[in-house]
Colleague: 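Before we start, here is the structure in question, set down as structure tokens.
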Amino acid sequence: MAMLKIKKGDTVKVIAGRDKDKEGKVIAVNRKNNTLLVEGVNMITKHTKPSMRNQQGGIVRQEGPIHISNVMYLHKGQPTRIGFKFDGDKKVRFAKSTGDIID
């Protein structure tokens, strides 16, 4: 399985597809399918039955998965690629455009 460079909580920009140029925070990462859930991106409508959790039921709008290749990490408002390097004995992510350490 490939190493994913985007994590939950990162801010990303959509670079391809119907929601191109939208920005949002990553809600969830699915490593198996290489997909992400991003706030306010790829909104879908889902018809739900009434249940104990959702007494009302009806039509619910929620985020759909988007492939990880269609987003880029935002660093200081600019989309950038991410690389890995060792800072001492710790492996860290860094922004390739500026060289700044992300985490």
Side-chain angles (χ1 to χ4, degrees):
M1 196 178 309
M3 180 68 156
L4 299 182
K5 298 178 178 181
I6 296 176
K7 297 180 179 180
K8 180 180 175 180
D10 287 347
T11 305
V12 294
K13 182 175 186 174
V14 180
I15 59 170
R18 182 181 69 201
D19 295 318
K20 186 175 180 178
D21 294 328
K22 285 189 180 178
E23 299 174 2
K25 188 176 173 185
V26 176
I27 301 170
V29 178
N30 184 342
R31 295 177 59 89
K32 185 177 178 184
N33 297 330
N34 291 330
T35 57
L36 306 169
L37 288 181
V38 182
E39 271 182 5
V41 174
N42 195 22
M43 297 301 287
I44 59 173
T45 56
K46 188 171 182 179
H47 297 262
T48 58
K49 282 184 167 181
S51 64
M52 293 300 282
R53 264 192 175 176
N54 185 5
Q55 298 284 336
Q56 189 68 25
I59 300 172
V60 178
R61 289 187 48 79
Q62 63 185 31
E63 290 89 358
I66 185 168
H67 198 268
I68 200 163
S69 66
N70 294 333
V71 298
M72 280 187 89
Y73 181 81
L74 276 181
H75 180 68
K76 297 181 181 174
Q78 296 294 328
T80 183
R81 292 182 295 154
I82 296 176
F84 289 100
K85 66 181 177 182
F86 285 95
D87 187 26
D89 60 342
K90 189 176 180 185
K91 187 176 180 181
V92 294
R93 297 186 300 164
F94 73 99
K96 289 203 173 186
S97 61
T98 60
D100 295 342
I101 293 176
I102 296 169
D103 56 359

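Positions are given from 1, in the same order as the sequence printed here. Computation of the quantities below employed the complete heavy-atom set of this structure, encompassing side-chain atoms and omitting hydrogens, waters and symmetry-equivalent molecules.
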Colleague: Sub-3.5 Å donor-acceptor pair from the side chain of Thr48 to the main-chain atoms of Gly58, do we have one?
Modeller: yes
Colleague: I need the Thr80 OG1 to Ile102 CD1 distance, nearest 0.5 Å.
Modeller: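 Spacing of OG1 (Thr80) from CD1 (Ile102) equals 7.0 Å.
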Colleague: Output the distance between atom NZ (Lys85) and atom CD1 (Ile101), rounded to the nearest 0.5 Å.
Modeller: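 Spacing of NZ (Lys85) from CD1 (Ile101) equals 5.0 Å.
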Colleague: Taking side chain as C-beta onward, heavy atoms only, is Asp100 less than 4.5 Å from Lys76?
Modeller: yes
Colleague: Side chains of Val38 and Ile66: closer than 4.5 Å at any heavy-atom pair?
Modeller: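 Yes, their side chains come closer than 4.5 Å.
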Colleague: To the nearest 0.5 Å, what is the distance between CG (Asn42) and NE2 (His67)?
Modeller: 13.0 Å
Colleague: Taking the hydrophobic residues Ile, Leu, Val, Met, Phe, Trp and Tyr, and joining any pair whose side-chain heavy atoms are under 4.5 Å apart, which ones share a cluster with Ile27?
Modeller: Leu37
Colleague: State which residue, out of Val26, Thr35, Leu4, fulfils the side-chain contact (heavy atoms from CB on, under 4.5 Å) condition with Ile68.
Modeller: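 In the set Val26, Thr35, Leu4, the residue that makes a side-chain contact (heavy atoms from CB on, under 4.5 Å) with Ile68 is Leu4.
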Colleague: Going from NE2 on His75 to CZ on Phe94, what distance comes out if it is rounded to the nearest 0.5 angstrom?
Modeller: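 Going from the NE2 atom of His75 to the CZ atom of Phe94 covers 11.5 Å.
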Colleague: Count the heavy atoms belonging to other residues, nucleotides or ligands that lie under 6.0 Å from CD of Gln56, then report whether that count exceeds 12.
Modeller: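 Not more than 12 within 6.0 Å, no.
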Colleague: Are there over 12 heavy-atom neighbours, none belonging to Lys8, within less than 6.0 Å of that residue's NZ?
Modeller: no
Colleague: Given side chains that start at C-beta, do those of Gln62 and Ile44 come closer than 4.5 Å, heavy atoms only?
Modeller: yes
Colleague: Write down the atom of Pro79, the atom of Lys13, and the distance for their closest heavy-atom approach.
Modeller: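 Smallest heavy-atom distance, with atoms named: CG-CD, 4.2 Å.
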Colleague: How many angstroms lie between CD in Glu63 and CG in Leu36, if you round to the nearest 0.5 Å?
Modeller: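 Answer for the CD-CG pair, Glu63 versus Leu36, is 12.0 Å.
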Colleague: Can you list the steps and then say if Asp10 with Arg93 is a side-chain contact (heavy atoms from CB on, under 4.5 Å)?
Modeller: CA-CA 12 Å; Asp10 287 347; Arg93 297 186 300 164; 2.8 Å; yes
Colleague: Check whether Leu74 and Val29 end up in the same hydrophobic cluster, where Ile, Leu, Val, Met, Phe, Trp and Tyr are linked by side-chain heavy atoms less than 4.5 Å apart.
Modeller: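 No, no single cluster joins them.
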Colleague: If you take all heavy atoms of Tyr73 and Ile6, which pair is closest and at what distance?
Modeller: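 Residues Tyr73 and Ile6, closest heavy atoms: N-CD1, 4.5 Å.
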Colleague: Rounded at 0.5 Å granularity, tell me how far CE in Met43 sits from CZ in Arg18.
Modeller: 10.0 Å
